[in-house]
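Note: hydrogens, waters and symmetry copies are ignored here, and every other heavy atom, side chains too, is used.
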Amino acid sequence: MNKKVRVRFAPSPTGYLHLGSFRTALFNYLFAHHHGGKFILRIEDTDQSRKVEGAVENLINILNEMGLSYDEGPDAGGEFGPYFQSQRLELYRKYCDELLAGGHAYYAFESAEELEEMRRVQQMQGKQTMYDRRARNLTDNEVKERLASGIPYVIRLKVPIDSEIRFTDLIRGNVKIDTNLVDDQVLLKGDGFPTYHLANVIDDHLMNISHIIRGEEWLTSVPKHIILYNAFGWEIPQMAHVPLILNPDKTKLSKRQGDVATEDYLKKGYLREALLNFMALLGWNPGEGEEKEIFSKEELINLFSIERVNSAGAVFNIDKLNWMNGEYIKKYDINELTELILPYLNSGGIDTSDLAKTKRVVFAIKNYLNRLDEAYEQAKVYYSSVSLSDAQNDIICNEISKQVFAALTSKVDALLEITIDNFKPLLSEVQKETGVKGKNLFMPVRLALTGEEHGPELGLIAYVLGKEEVLKRLKI
RNA sequence: GGCGCGUUGGUGUAAUUGGUUAACACGCCGCCCUCUCAAGGCGGAGAGUACGGGUUCGAUCCCCGUACGCGCUACCA
């Protein structure tokens, strides 16, 4: 890569960060860092009708939370700002005038209703719905008159006739499109704001963007952009269009079939490291016989290459995410994991003021978790008081059980404290002494300690409860 | 409808520039561990690479067609 790598993530602030957008941002981030380049955040807020309060703040928060820090952007500064397109309006106007002067664009004065009518007629005639370029033939005087009389206007791109645009996509290879199928796209809207096509070309050039990595939905509008780059005489950045993320039925990932907002997954208790790892592997892989799947962000940066991004859409497989998240939870630092799990325990009503106990609980439950929000279900057994049914009472009150409790009590009593693995051997000893084994041995102890017939292994339970509590509960 | 992109077990992917019994992971099933539920260990089923034609001594891999899916076809991004 001889040119300095500069990539951008350019979302429109819709209020949340779609998983697909997140992955696009991630690929940009990994690419930039792999090549020692810069990652830029640019807000594409050129649609005034779609403004959402607080959307940008939310977007920035999620990006930060996911660890995708950017080198330049709204709140990060940089010498190519402003990074809000809504603050770059004069720029777009200026370049539009240049296009007009060079004969690459033209004024058009149709109202929305006229255009609608035009499309209706085209549809009736079974023709392609496309702007019919009626304003292309307006004379200079006609344009002047209309401008002078204050008729609302837009500026449209003058797409070359009978030509073919070819380009090479880093992921898909060669693509070619006939310009006769390309619409005379509106560049500057009636409200003075640019459309995506104009703004993105101007900004990418002005911001020295070297590689455009964005969603597949933009692939077919590349010709419009190339026409613009050529009209300006600018160098065209390299392009890579990443595939879509799909629902299990292979339609585009949508709200109807589950959560699509990255923040929702965080709330549900997916670790950011796991989510990042999983999303990176959705449509990309390191290849070369690499069979590992758990990668840190640093490893991903090291291994990433845009050419190895798949060209086909990928189904979002929640089962595998669950598995991967579980892998991360199992290996997580116990102190940090406790911090993360605390809110989930609290919201379930568990008193976590005893931090030492909470840590023991977290240690005990982590192997049982795929998601953090399952923590309460798994943890509650360690906090509940024991209450038994009649049948269960019969079990712990019978003679055999009493023998077991007596033997066990004296052994626990002799212990300085219960550790993760010194309780289970005690049960084996009790078994030898009393001759009681299997279910007859374990179930009374389990019931006495937890009041439940199912639960984690007894060693863990005793460890969490601690010596005092265990002795107390064995006293029947 | 038109144009573009795509298609390897249920899912995510792998397979030196065409030569493999088509590999790995998730999921599923079974066994072991075991008082239970997970975890863990071991093993198994599951694709002849969407389909049909080519090119070739030989195609998952190259070419063409068909089908299907998705995307685009806005003064939305």
A/Asn137-A/Glu142 side chain donor-acceptor pair, cut-off 3.5 Å: no

Just to be sure I understand the rule, does A/Thr46 reach a base, reach only the sugar-phosphate, or reach nothing, if contact means heavy atoms closer than 4.0 Å? sugar-phosphate

If you compare every side-chain N and O of A/Arg42 against the phosphate oxygens of B/A77 (OP1, OP2), does one of them come in below 4.0 Å? no

Side chains of A/Leu198 and A/Cys96, heavy atoms from C-beta outward: is any pair under 4.5 Å? yes

Would you kindly compare A/Tyr131 and A/Gly455 by the position of their nearest RNA chain B nucleotide and give the one closer to the 5′ end? A/Gly455

Please work out if A/Asn310 contacts a base, only the sugar-phosphate, or nothing of the nucleic acid, heavy-atom cut-off 4.0 Å. sugar-phosphate

OP1 or OP2 of B/G4 under 4.0 Å from side-chain N/O of A/Arg172: no

Roughly how far apart, to the nearest Å, are B/A14 and B/U60 at atom C1'? 11 Å

B/C62 to B/U7 separation - P atoms, rounded to the nearest Å: 10 Å

B/C76 OP1/OP2 closer than 4.0 Å to side-chain N/O of A/Thr195: no

Base, sugar-phosphate, or nothing: which does A/Glu110 touch, judged by heavy atoms less than 4.0 Å apart? base

Among B/C35, B/A39, B/G12, the one nearest A/Met443 by side-chain distance: B/C35

Please state the P separation for the pair B/A77 and B/U17 - nearest whole angstrom. 42 Å

Return the nearest nucleotide to the side chain of A/Leu219; candidates are B/G71, B/A77, B/C5. B/C5

Could you tell me whether A/Ser12 contacts a base, only the sugar-phosphate backbone, or nothing, with contacts defined as non-hydrogen atoms closer than 4.0 Å? sugar-phosphate

If the P atom of B/G48 is compared with that of B/A23, how far apart are they to the nearest Å? 13 Å

Using a heavy-atom distance cut-off of less than 4.0 Å, which residues of residues 179-189 of chain A contact RNA chain B? A/Leu181, A/Val186, A/Lys189

With heavy atoms under 4.0 Å as the rule, sort A/Leu441 into base, sugar-phosphate or nothing. nothing

Min side-chain heavy-atom separation A/Asn277-A/Lys297 under 4.5 Å: no

For atom P, what is the distance between B/C57 and B/G18, given to the nearest Å? 15 Å

On RNA chain B, more 5' by nearest nucleotide between A/Met130 and A/Leu458 is A/Leu458

B/C76 C1' sits how many Å from A/Lys224 NZ, rounded? 12 Å

For A/Arg214, answer base if it contacts any base atom (sugar-phosphate contacts may also be present), sugar-phosphate if it contacts only those atoms, and nothing otherwise; contact means non-hydrogen atoms under 4.0 Å. nothing

B/G46 to B/G9 separation - P atoms, rounded to the nearest Å: 15 Å

Members of residues 312-328 of chain A that approach RNA chain B, where some heavy atom sits under 4.0 Å away: A/Ala312, A/Ala314, A/Val315, A/Asn317, A/Asp319, A/Lys320, A/Trp323, A/Glu327

Tell me yes or no: between the side chains of A/Tyr131 and A/Gln185, is some donor less than 3.5 Å from an acceptor? no

Between CD of A/Glu44 and OG1 of A/Thr46, what distance do you get to the nearest 0.5 Å? 6.5 Å

Does A/Pro160 offer a backbone N or O that forms a donor-acceptor pair with the side chain of A/Ser163 under 3.5 Å? no

Any donor-acceptor pair under 3.5 Å between the side chain of A/Arg50 and the base of B/C76? yes

Remember a base hit wins even if backbone is also touched, and classify A/Gln378 as base, sugar-phosphate or nothing at under 4.0 Å, heavy atoms. nothing

Report yes or no: is the cationic atom of A/Lys402 (NZ for Lys, CZ for Arg) closer than 6.0 Å to the six-membered ring centre of A/Phe405, at no more than 45° off its axis? no

If we take the C1' atom in both B/C68 and B/A74, what is their distance in whole Å? 28 Å

Would you say A/Tyr368 stacks on B/A38, if stacking means ring centres under 5.5 Å apart and planes within less than 30 degrees? yes

What integer number of Å spans the C1' atoms of B/A22 and B/C35? 44 Å

Please determine if a side-chain N or O atom of A/Lys250 lies less than 4.0 Å away from the OP1 or OP2 oxygen of B/U7. no

Is there a Watson-Crick or G-U wobble partner for B/G43 with both distances under 3.5 Å, and if so, which one is it? B/C29

Given the 90°-from-0 boundary between syn and anti, B/G48 should be labelled syn

Any side-chain heavy atom of A/Lys411 sitting closer than 4.5 Å to one from A/Glu433? yes

State whether the distance check finds a donor on one side and an acceptor on the other, under 3.5 Å, for side chain A/Glu216 versus base B/G6. no

Does a donor on one side chain sit under 3.5 Å from an acceptor on the other, for A/Asp203 and A/Tyr83? no

Using atom types as modelled and distance alone, determine if a side-chain donor or acceptor of A/Arg172 lies under 3.5 Å from a backbone N or O of A/Ser311. yes

Would you please confirm or rule out a distance under 4.0 Å between OP1 or OP2 of B/C75 and any side-chain N or O of A/Arg119? yes

